[in-house]
There are 2 protein chains.
Amino acid sequence: MPDHSPGQPLRLTRQRQAVADALEDDDQFRSAREIHAVLRERGNAIGLATVYRTLQLLADHDEVDVIRSADGEAGYRRCSDTHHHHLVCRTCGATVEVEGPAVERWTRAMAEEHGYDEVSHTLEIFGVCARCR
Amino acid sequence: MPDHSPGQPLRLTRQRQAVADALEDDDQFRSAREIHAVLRERGNAIGLATVYRTLQLLADHDEVDVIRSADGEAGYRRCSDTHHHHLVCRTCGATVEVEGPAVERWTRAMAEEHGYDEVSHTLEIFGVCARCR
DNA sequence: GTGAATGCAAACGTTTTGCACAGAA
DNA sequence: TTCTGTGCAAAACGTTTGCATTCAC
């Protein structure tokens with residue numbers, strides 16, 4: 001349930017549409033720069049600052065997930081309906097989505113046990129995939 | 001079991017000792033800037049770059065945990081011996097260590113199921129603690 | 001004495017912001 | 001016509017790096 005409370009008008013522009021489309025076409029986490037590059041390649045002129053502003057807007061409205069990689073770059077991905085995690089190859093970057101109620105339950109239980117509310121979590125699994133071994 | 005393999009000599013300097021001490025006195029995640037400020041306050045002159053270099057060194061030797069906050073700043077904290085995860089308050093940053101074999105088993109199982117090897121994982125739980133609510 | 005470690009400042013890459021202009025509504 | 005959204009370039013931010021100097025060994 002995205003917030004969509006139009007305290008401000010929220011205009012539909014070509015650029016916002018383009019960023020949303022780019023995210024729709026992709027189920028990997030992408031950096032702002034990658035998204036910007038893809039749009040330019042498609043001939044869709046857009047400023048990097050606008051990409052950032054749009055991504056932040058989408059994040060505020062819970063329409064994209066944001067992840068922070070170890071090097072400090074932020075990755076953005078459209079929210080899928082089901083919550084899941086990523087199994088990433090350390091060598092080639094190949095990503096598999098995994099999900100399971102076990103972790104979800106465990107994290108929530110841990111949080112409640114310590115009196116924490118409004119719980120969310122991030123979990124990434126790293127390894128070396130079969131092909132890279 | 002820190003690596004301590006002295007391919008390079010690894011010298012004990014006043015500055016490295018100071019950073020290690022600062023981490024020892026604290027069981028919260030602290031940014032490099034915070035650590036730098038604390039040391040200066042104590043009259044322990046040290047350059048910010050040295051703080052960064054030392055923290056990176058400690059991280060390489062698995063002597064500190066590194067966490068990435070949403071705003072891109074890195075947090076450092078001394079490692080405890082057992083593998084565990086963190087329950088962090090989104091508002092005040094209060095951190096609780098949690099551990100449990102359930103997640104460990106689950107991540108390993110998921111990785112193996114997809115043919116991944118040399119598995120590691122990162123898991124952070126975020127919420128709002130009782131005091132901040 | 002030798003080479004690793006430091007400090008400083010400059011460089012770096014990512015993200016944010018100020019401002020004049022463009023374009024949805 | 002209005003006022004949000006955009007582009008650009010500059011600034012800000014955390015972090016890294018080059019280099020002359022210092023200091024642990």
Side-chain angles (χ1 to χ4, degrees), chain A residues 3-23 29-61 63-77, chain B residues 3-23 28-61 63-77 93:
Chain A
D3 185 29
H4 272 194
S5 60
Q8 283 83 288
L10 208 341
R11 296 183 174 173
L12 182 60
T13 63
R14 178 180 59 78
Q15 290 89 336
R16 286 184 181 168
Q17 190 65 57
V19 171
D21 287 351
L23 289 166
F29 281 92
R30 297 298 180 192
S31 70
R33 261 213 350 279
E34 285 174 323
I35 292 169
H36 181 239
V38 167
L39 293 180
R40 289 246 148 140
E41 273 173 29
R42 292 185 187 171
N44 211 333
I46 184 172
L48 181 56
T50 301
V51 173
Y52 274 108
R53 279 189 276 234
T54 304
L55 288 171
Q56 189 169 289
L57 198 70
L58 290 171
D60 289 344
H61 288 254
E63 283 167 24
V64 298
D65 285 330
V66 186
I67 204 182
R68 283 267 165 194
S69 61
D71 69 348
E73 210 179 17
Y76 302 87
R77 211 197 48 162
Chain B
D3 186 26
H4 272 195
S5 59
Q8 284 83 286
L10 205 341
R11 298 183 174 175
L12 181 59
T13 64
R14 178 179 59 78
Q15 291 88 335
R16 283 184 182 167
Q17 192 62 58
V19 171
D21 287 350
L23 288 166
Q28 297 273 69
F29 282 92
R30 297 297 179 193
S31 71
R33 261 212 350 278
E34 285 174 323
I35 293 168
H36 181 239
V38 167
L39 293 180
R40 290 246 146 142
E41 274 173 29
R42 292 185 188 172
N44 212 332
I46 185 173
L48 182 54
T50 302
V51 174
Y52 274 109
R53 280 188 276 233
T54 304
L55 288 171
Q56 190 170 288
L57 198 70
L58 291 170
D60 288 347
H61 288 253
E63 284 168 23
V64 298
D65 285 331
V66 186
I67 204 183
R68 284 265 165 197
S69 60
D71 70 348
E73 212 178 14
Y76 302 87
R77 213 198 48 163

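These numbers come from the heavy atoms of this one structure, side chains and all, not from hydrogens, waters or symmetry mates. Labels below follow one simple rule: chain letters A, B, ... track the order of the sequence lines, proteins then strands, and each chain is numbered from 1.
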Item checked: Phosphate OP1/OP2 of C:dA5: any B:Arg16 side-chain N/O under 4.0 Å -> yes
Note to self: Going by salt bridge (Lys or Arg N to Asp or Glu O under 4.0 Å), name the residues that satisfy it together with A:Asp65, two or more places apart in sequence or in a different chain.
What the structure shows: A:Arg77
Notebook entry, point to check: Where each residue is assigned the nucleotide of DNA chain D containing its nearest heavy atom, which of A:Thr50 and B:Gly72 is assigned the position nearer the 5′ end?
Noted result: A:Thr50
Which atom pairs link the protein and nucleotides 21-25 of chain D when you take only N or O atoms and keep those under 3.5 Å?
residue: D:dA24; atom: O3'; partner: B:Leu12; partner atom: O; Å: 3.4
residue: D:dA24; atom: N3; partner: B:Arg11; partner atom: NH1; Å: 3.2
residue: D:dC25; atom: OP1; partner: B:Leu12; partner atom: N; Å: 3.4

Notebook entry, point to check: Whole-Å distance between C:dT15 P and B:Arg68 CZ?
Noted result: 11 Å
Checklist line | Whole-Å gap separating C1' (D:dG18) and CG (B:Leu48) | finding: 16 Å
Note to self: Is any side-chain heavy atom of B:Thr50 closer than 4.5 Å to one of B:Thr13?
What the structure shows: no
Next item on the list: May I have the step-by-step check of side-chain contact (heavy atoms from CB on, under 4.5 Å) for B:Leu58 and B:Val19, ending in yes or no?
Entry: CA-CA 10 Å; B:Leu58 291 170; B:Val19 171; 4.3 Å; yes
Checklist line | Whether A:Arg14 side chain and A:Ala45 backbone form a donor-acceptor pair below 3.5 Å | finding: yes
Item checked: Nucleotide C:dA5, atom C1' - distance to CG of B:Leu55 in whole Å -> 15 Å
Note to self: For a quick test of reading the model: is some side-chain N or O of B:Gln56 closer than 4.0 Å to OP1 or OP2 of D:dT16?
What the structure shows: yes
So which protein nitrogen or oxygen atoms get under 3.5 Å of nucleotides 9-12 of chain C's nitrogens or oxygens?
none

Notebook entry, point to check: CG of A:Leu48 to NE2 of A:His36: how many Å apart, nearest 0.5 Å?
Noted result: 5.0 Å
Check: Does anything in residues 29-42 of chain B reach DNA chain D, meaning a heavy atom under 4.0 Å, and if so which residues?
Finding: B:Arg33
Note to self: side-chain contact (heavy atoms from CB on, under 4.5 Å) for B:Arg16 and B:Leu10? Distances and angles first, verdict last.
What the structure shows: CA-CA 10 Å; B:Arg16 283 184 182 167; B:Leu10 205 341; 3.4 Å; yes
Margin query: Rounding to an integer number of Å, can you tell me how far A:Gln17 CD sits from C:dG23 C1'?
Written below: 16 Å
Margin query: Is the shortest side-chain heavy-atom distance between B:Asn44 and B:Asp21 below 4.5 Å?
Written below: no
Check: Is there side-chain contact between B:Leu55 and B:Leu23, with at least one heavy-atom pair below 4.5 Å?
Finding: yes
Notebook entry, point to check: Tell me: CG of A:Leu57 to P of D:dG5, nearest whole Å?
Noted result: 8 Å
Item checked: Where B:Ala59 and B:Val66 come nearest, the two heavy atoms and their spacing -> CB-CG2, 3.8 Å
Check: Separation of B:Ile67 atom CD1 from D:dG14 atom P, in whole Å?
Finding: 17 Å
Checklist line | Degree of bending in the helix from C:dG1-D:dC25 to C:dA25-D:dT1 once both end axes are built from five pairs, to 10° | finding: 30°
Check: A:Tyr52 has an atom OH; how far is it from atom P of D:dC8, in whole Å?
Finding: 16 Å
Check: Which atoms form the tightest heavy-atom contact between A:Leu39 and A:Ala18, and what is the distance?
Finding: CD2-O, 3.6 Å
Next item on the list: Starting from P on D:dG14, measure out to CD on A:Glu73 and report it in whole angstrom.
Entry: 18 Å
Review item, side-chain donor-acceptor pairs of residues 68-76 of chain A, under 3.5 Å, at least two apart:
residue: A:Arg68; atom: NE; partner: B:Ala70; partner atom: O; Å: 3.0
residue: A:Arg68; atom: NH1; partner: A:Gly72; partner atom: O; Å: 2.9
residue: A:Arg68; atom: NH2; partner: B:Ala70; partner atom: O; Å: 3.0
residue: A:Ser69; atom: OG; partner: A:Asp71; partner atom: OD1; Å: 2.5
residue: A:Ser69; atom: OG; partner: A:Glu73; partner atom: O; Å: 3.0
residue: A:Asp71; atom: OD1; partner: A:Glu73; partner atom: N; Å: 3.2
residue: A:Glu73; atom: OE2; partner: A:Arg33; partner atom: NH1; Å: 3.3

